[in-house]
Chemist: 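Here you go, one structure.
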2 protein chains.
Amino acid sequence: MGSTAKEETRIADALCKAVLERRLAPGSKLPEEELAQIFRSNRAKIRRVLLSLSRYHIVTLEPGRGAFVSRPSPQEARDVLASRRLIEVSLLANPHRSLSAEGAERLRKIMAQEAKAHADHDAAAMIHTSGQFHLTLIEELGNTVIKNIIEELILRMSLIITLYERHNTTCCLSSDHNDLLDLLLAEKHAKASALMARHLEGIESCLDFHREPASTTILSQILKPV
Amino acid sequence: MGSTAKEETRIADALCKAVLERRLAPGSKLPEEELAQIFRSNRAKIRRVLLSLSRYHIVTLEPGRGAFVSRPSPQEARDVLASRRLIEVSLLANPHRSLSAEGAERLRKIMAQEAKAHADHDAAAMIHTSGQFHLTLIEELGNTVIKNIIEELILRMSLIITLYERHNTTCCLSSDHNDLLDLLLAEKHAKASALMARHLEGIESCLDFHREPASTTILSQILKPV
DNA sequence: AGCCTGAACATTGTAAACAATCATGGTTGA
DNA sequence: TCAACCATGATTGTTTACAATGTTCAGGCT
């Protein structure tokens, strides 16, 4: 996510990645000094990064207390889900432009990575490539602005899933992606849109807003020392 | 737009308001020291505000050169327009919930303010209330997350309109709002959605991406000295 | 025993001084 | 006359130290 300086981008990306892959649990405290050591940076830069991330609702700043990984409320969770569904579903129904050949190629490459991650049982890679598929799709059919919006929503969804995922369920089936691409190439917008709606509803149905685990994590074990 | 501290919110809001009402021209430089004096604040806080606003694409930070009011490129302009249209139109077609009685009441009040601003020939108030109408509508039919997204897009649209508005045209006709409310209360989603599409397309048709005026402004005359 | 209180510690927030970078205007030379 | 160049001033970027706030833990009181 575009920061100004290079080093800050690095740090922000590392934090976002940790959130995306659900290594960083919602509610975790993010002490400035500790982060500065982990990333071999200084407090000022960490501070800027945290402020930036707070704008994306990934981090919550509590004045006088510090920064924490956000814990979206059930209401916020529902709103994020609904917003993402609204945007992705309607973009597939009314794409700004149809899928180009090179776009399809990009998507296929990502699907190959997905398959590999699945074969390797690499959970982090699976989440990452799955998100990448959605983002690339949005970018091909829509534009950069919408892509950025969805990018933020996907990050927030990671927090939501970590918080509210019902155990015993296997969320996020990725077999849909194949069908989705076929429908898009066949220009069957209505069907593609409906499939996307089901796809996202599938994720929602795996959530349970009654429980709120407070699992906090220890940073240094999670954020690799650069 | 929610900042952490109170004073910073005040400053950010003042800047956003100036952008929204098109007093702050795209490209204007925003020197830290000068802003600090205008808002009787200090550089550190101004700096935080500018960083925040840069995350909303309202301000562009150029390393070593400082902060400037963003100048969206024609491409970015088109993308912002398209994104806003996508979201607003599809939300009206598939609202998350139907308009409540109190929601209608809120909208009516805003429309009254719009009428007053129109009667007074108060351009700033007209822009402000018009935006408020859209935002309230989105919030009633959708949720807070979508509202925040649209809020940012409306701000960016202010910059775009300032940059690319074709003169001799009267953009943003507000007579549509009345009809829109009627259609919504009658639960005529398809018609409401179509009207919104036309409404937003009307704005787009007033833009001309060929000219790029570089009008820069002087801050102290525009930002009231608190 | 449980809880309130207060002091010591740790962390965040703020300010100011310093360093680095960029815009400027004037000078020099062809 | 014009262009390139250097010196100067202004603005941004970074670091440091210090102030304010929150947290924790020990001790004493009820």
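All values derive from a computational prediction rather than experimental measurement. Below, chain A is the first sequence line, B the second, and so on; all start at residue 1.
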Chemist: Taking salt bridge (charged side-chain N to carboxylate O under 4.0 Å, His left out) as the test, write out the residues that go with A/Glu140, two or more places apart.
Modeler: A/Arg106

Chemist: Check A/Glu32, A/Glu7, A/Glu8 against A/Arg48 for a salt bridge (charged side-chain N to carboxylate O under 4.0 Å, His left out) and give me the one that passes.
Modeler: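 One option only clears the test, and that one is A/Glu8.
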
Chemist: Rounded to the Å, how far apart are B/Lys29 NZ and D/dA10 P?
Modeler: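 These atoms are roughly 14 Å apart.
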
Chemist: Which part of the nucleic acid, if any, lies within reach of A/Ala44 when heavy atoms closer than 4.0 Å are counted: base, sugar-phosphate only, or nothing?
Modeler: base

Chemist: Ignoring hydrogens and angles, tell me if any N or O in the side chain of B/Arg84 forms a donor-acceptor pair with the backbone of B/Ile154 under 3.5 Å.
Modeler: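 No.
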
Chemist: Do A/Arg78 and A/Phe209 form a cation-pi contact, if we require the NZ or CZ to be under 6.0 Å from the six-membered ring centre and within 45 degrees of the ring's axis?
Modeler: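 Ring-cation test returns yes.
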
Chemist: Could you state the atom-to-atom distance from CD of B/Glu62 to C1' of D/dG13 in whole Å?
Modeler: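 In whole Å, D/dG13 C1' lies 15 Å from B/Glu62 CD.
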
Chemist: Could you tell me how far apart B/Arg48 (CZ) and D/dG13 (P) are, to the nearest whole angstrom?
Modeler: 16 Å

Chemist: Calculate the interatomic distance between A/Leu30 atom CG and C/dT12 atom P; express it in whole Å.
Modeler: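 Answer to the nearest Å: 10 Å.
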
Chemist: Going through the checks in order, is the salt bridge (Lys or Arg N to Asp or Glu O under 4.0 Å) test met by B/Asp120 and B/Lys116?
Modeler: CA-CA 6 Å; B/Asp120 295 351; B/Lys116 184 178 183 308; 2.8 Å; yes

Chemist: Between atom CG in B/Asn42 and atom C1' in D/dG13, what is the gap in whole Å?
Modeler: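 Taking CG of B/Asn42 and C1' of D/dG13, I get 16 Å after rounding.
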
Chemist: Does the side chain of A/Glu21 pick up a donor-acceptor pair with the side chain of A/His128 at under 3.5 Å?
Modeler: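 There is no such pair between these side chains.
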
Chemist: Rounded to whole angstrom units, what separation is found between the CZ atom of A/Arg47 and the C1' atom of D/dG13?
Modeler: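 My rounded result for the distance is 16 Å.
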
Chemist: Could you state the atom-to-atom distance from CD of A/Glu33 to C1' of D/dT16 in whole Å?
Modeler: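 Going from A/Glu33 (CD) to D/dT16 (C1'), I get 13 Å.
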
Chemist: I'd like to compare against my own output: the B/S/- annotation of nucleotides 18-23 of chain D with a strict under-4.0 Å heavy-atom distance to protein.
Modeler: ----SS

Chemist: What is the distance, to the nearest angstrom, from the CD1 atom on A/Ile46 to the C1' atom on D/dT14?
Modeler: 15 Å

